[in-house]
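Letters go in sequence order (proteins before strands), and every chain restarts at 1.
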Amino acid sequence: MSPEDQLKILKENAEDLIEEKELLEKLKAGRPLRVKLGVDPSRPDLHLGHAVVLRKLRQFQDLGHIVVLIIGDFTARIGDPSGRSKTRPMLSAEETKRNAISYQEQAFKILDKGKTELRFNSEWLDPLKFEDVIRLTSKYTVARMLERDDFEKRYKAGEPISIVELLYPIAQAYDSVSVRADVEMGGTDQKFNLLVGRKYQEEFGQSPQVVLTMPIIEGTDGTLKMSKSYENYIGLTDPPDEVYGKIMSIPDALMFKYARLLTNLDVEGAKKDIESSKLHPMEFKKSLAFEIVNWLYSQEDAKKAQDKFITTFSKKEIPDDIPEITAINGIKLTQFLKDIKAADSTSEAKRLITQNGVKINQDTIEDVMMTTNFKDGDILKVGKRKIYRIILGS
RNA sequence: GGAGAGAUGCCCGAGUGGCCAAUGGGGACGGACUGUAAAUCCGUUGGCGGAUCGCCUUCGAUGGUUCAAAUCCAUCUCUCUCCA
């Protein structure tokens, strides 16, 4: 494909492309580009937010380029000492390794394994001597570091910034130097770090990497960015039903963004049809949910998830495919709900009952003190989403 | 090195001796309604107990004062600001 056509595909949906001209130049050289993505193995659970970037990387691969996936094992080992931040716990070598493997497995749901070069940054960061580190830091100033958005904000707000944090962008930049990255990708929140990489590559006599960032998507709550720590994420390994349901629970306003960044659906067409009432917003969201499950799993799984969703929530019926659970009669229902993890505590079970959230075969339970008295095959419903079929045990 | 501010429930943030299991917001959960686990509205949100009552644990940590402490005192840990 011609460099111009490639460029067109690659810049689609991108937030920043610095510099477009440079990317075109690199494409024109005709060799496979080395496209870098650095990942933090302390958080091995990938979600749709990561998928946005991974999809773009996949496009690079499909155009014949190489993805260099860097596992930040060195960085993870150091951790983040800035007290409150739980985002970067210190990890042992084994944990890091385990996480790295899990990370790869998830990433290869999207990436082409054959065109991925996997590296660990301890490879080049471990051998550095303190002298080398100081040399590296001497090429950057505090003022320039503080240009980074979140540093600036935290500094002004009087929140702590650990010196280690100032070093991370430099470490990441040195990664770029070490793997001779042509392009580095990330979310827009990574823009600053990626730019530091350019500066360092120049210092080391390399041509600066092209920085390509993708939009950050908001999580299921609709406002905060998708992140594990906000519990608003849709994980790549979430089961199909869950993925489908979570997509259905995103605010309508967000569904076009998801569709644009995560599927090949015709977003503009759908928008028009919804405005002219030819297409129901819910129908579009359903096809979005379907597409995403289809992509992460299979068409069959997507179909199943969709059917289950419709019976459970649209028709409010009991789907066929529900988990079975063994029950014993004669114990307190609250205790039972806790045992089967339908509630975290007895108090919560009690609350659910009080709030009319527990049903057995369509009958709402009102007695908090009730003792279990199931019949084989009874349907137990707890809240909106938890449905079980009772199997009587002895 | 000096001066000052602060640490509260999942998160943010009130509370400066009893009425505090602790206002409010966010999140989460439940219900109603619906077009969906959208939106909106209402409610719940430490744990345990045969329970509209009682018990236990919680306000950075450890001791202390008091009939009574998140609130007062001491020591400690951590964070921030200003000055040097």
Side-chain angles (χ1 to χ4, degrees), chain A residues 80-87 151 153-165 218-234 238-259 270 273-274 277-290 292-293 305-317 319 330-339 341-359 362 364-372 381-387:
Chain A
D80 181 352
S82 64
R84 278 172 219 171
S85 172
K86 291 155 201 143
T87 54
F151 285 160
K153 273 189 208 132
R154 282 158 63 192
Y155 189 67
K156 281 191 178 149
E159 282 163 23
I161 300 170
S162 143
I163 292 179
V164 173
E165 291 181 82
E218 290 77 12
T220 48
D221 61 296
T223 42
L224 293 170
K225 75 168 186 180
M226 186 177 286
S227 155
K228 200 182 178 196
S229 37
Y230 299 140
E231 301 237 1
N232 64 356
Y233 69 101
I234 303 175
D238 282 352
D241 292 346
E242 196 103 336
V243 173
Y244 193 95
K246 282 183 178 177
I247 295 283
M248 290 307 283
S249 82
I250 64 170
D252 286 4
L254 202 56
M255 63 189 184
F256 299 111
K257 187 169 182 183
Y258 272 46
D273 288 348
I274 288 171
S277 298
K278 269 205 310 213
L279 179 65
H280 196 290
M282 183 184 66
E283 289 306 322
F284 180 69
K285 205 190 270 181
K286 274 188 192 163
S287 41
L288 172 66
F290 184 93
I292 290 178
V293 178
Q306 184 159 60
D307 287 347
K308 193 164 170 185
F309 185 87
I310 292 170
T311 46
T312 314
F313 299 108
S314 303
K315 297 186 188 156
K316 301 210 190 296
E317 289 166 3
I331 62 170
K332 254 179 282 170
L333 182 61
T334 47
Q335 179 65 40
F336 179 68
L337 292 178
K338 189 174 141 188
D339 289 345
K341 299 209 162 56
D344 287 334
S345 65
T346 323
S347 302
E348 190 184 320
K350 199 167 77 181
R351 255 178 250 136
L352 285 165
I353 296 172
T354 314
Q355 295 180 134
N356 293 332
V358 180
K359 284 183 184 168
Q362 304 304 318
T364 303
I365 304 302
E366 283 167 10
D367 180 12
V368 179
M369 290 301 138
M370 186 177 144
T371 309
T372 53
K381 194 168 178 219
V382 185
K384 298 186 222 282
R385 290 186 248 165
K386 294 176 189 138
I387 305 177

Short side-chain to backbone donor-acceptor contact, Asp221(A) and Leu224(A), under 3.5 Å: yes
Sugar-phosphate only, base, or nothing, as touched by Asn356(A) at under 4.0 Å among non-hydrogen atoms: sugar-phosphate
Glu348(A) CD to rC29(B) P, straight-line distance once rounded to whole Å: 10 Å
Residue closer to the 5' end of RNA chain B, Gly383(A) versus Val243(A) (nearest nucleotide): Gly383(A)
Rounded distance in Å - OH (Tyr233(A)) to P (rG27(B)): 18 Å
Distance, C1' atom - from rA22(B) to rU16(B), rounded to whole angstrom: 14 Å
Touch class at under 4.0 angstrom, heavy-atom based, for Pro281(A) against every strand present: base
Side-chain donor/acceptor of Asp221(A) to base of rG26(B), under 3.5 Å: no
rC56(B) to rA21(B) separation - C1' atoms, rounded to the nearest Å: 12 Å
Paired stretches of RNA chain B - 3 or more consecutive Watson-Crick or G-U pairs, each distance under 3.5 Å: B:1-7 with B:77-83, B:10-12 with B:24-26, B:27-32 with B:40-45, B:46-49 with B:53-56, B:60-64 with B:72-76
Among rA37(B), rG50(B), rG35(B), the nucleotide that comes nearest once only the side chain of Lys332(A) is considered: rG50(B)
Integer-rounded Å distance: rU36(B) C1' and Ile274(A) CD1: 13 Å
5' priority, RNA chain B, between Ser347(A) and Ser249(A) [closest heavy atom]: Ser249(A)
Within-4.5 Å side-chain heavy-atom neighbours: Lys381(A) and Val358(A): no
Side-chain donor or acceptor of Thr372(A) paired with backbone N/O of Ile331(A) under 3.5 Å: yes
Arg351(A) side-chain N/O to rG43(B) phosphate OP1/OP2 under 4.0 Å: no
N/O (side chain, Lys286(A)) to phosphate O (OP1/OP2, rU36(B)) under 4.0 Å: no
Electrostatic pair Glu218(A)-Lys257(A), nearest N-O below 4.0 angstrom: yes
Asn232(A) CG to rC11(B) P, straight-line distance once rounded to whole Å: 16 Å
Ser314(A) side chain near rU36(B) phosphate (N/O to OP1/OP2, under 4.0 Å): yes
Ile292(A) side, atom CD1; Asp238(A) side, atom CG - distance, nearest 0.5 Å: 12.0 Å
Whole-Å gap separating C1' (rU36(B)) and CD1 (Ile250(A)): 11 Å
Pairwise C1' distance, rA74(B) and rC19(B) [rounded to whole Å]: 30 Å
Distance-only donor-acceptor test (3.5 Å): side chain Lys316(A), base rU34(B): yes
N/O (side chain, Thr346(A)) to phosphate O (OP1/OP2, rG49(B)) under 4.0 Å: yes
Interatomic distance where CE belongs to Met282(A) and P belongs to rU36(B) [whole Å]: 4 Å
Backbone N/O of Lys308(A) and side chain of Thr311(A): donor-acceptor pair under 3.5 Å: yes
Side-chain donor/acceptor contact of Gln355(A) with base of rG31(B) under 3.5 Å: no
Inter-nucleotide P distance (rG4(B), rA28(B)), Å rounded: 44 Å
Taking every non-hydrogen atom, the tightest pair across Ala343(A) and Leu352(A): CB-CD1, 4.1 Å
Nearest-Å distance for atom pair NZ/C1', residues Lys350(A) and rU52(B): 10 Å
Sugar-phosphate, base or nothing in reach of Asp241(A), heavy atoms under 4.0 Å: base
Below 4.0 Å: OP1/OP2 of rG26(B) and any side-chain N or O of Thr223(A): no
Leu333(A) CG - rG50(B) C1' separation (whole Å): 14 Å
Distance, P atom - from rC42(B) to rC53(B), rounded to whole angstrom: 27 Å
Distance between C1' atoms of rC20(B) and rA5(B) (Å, rounded): 25 Å
Within 45° cone of Tyr233(A) ring axis and under 6.0 Å: Lys246(A) NZ or CZ: yes
Straight-line distance of Thr220(A) OG1 to Ile247(A) CD1, nearest 0.5 Å: 9.5 Å
Check against salt bridge (charged side-chain N to carboxylate O under 4.0 Å, His left out), Lys338(A) and Asp344(A): CA-CA 6 Å; Lys338(A) 189 174 141 188; Asp344(A) 287 334; over 6 Å; no
Residue-phosphate contact under 4.0 Å: Lys246(A) side-chain N/O, rU36(B) OP1/OP2: no
Nearest to side-chain heavy atoms of Lys285(A), which nucleotide of rA37(B), rA38(B), rG49(B): rA38(B)
Nearest-angstrom distance, C1' atom, rG49(B) to rC41(B): 35 Å
Same-atom distance (P) from rG25(B) to rG46(B), integer angstrom: 15 Å
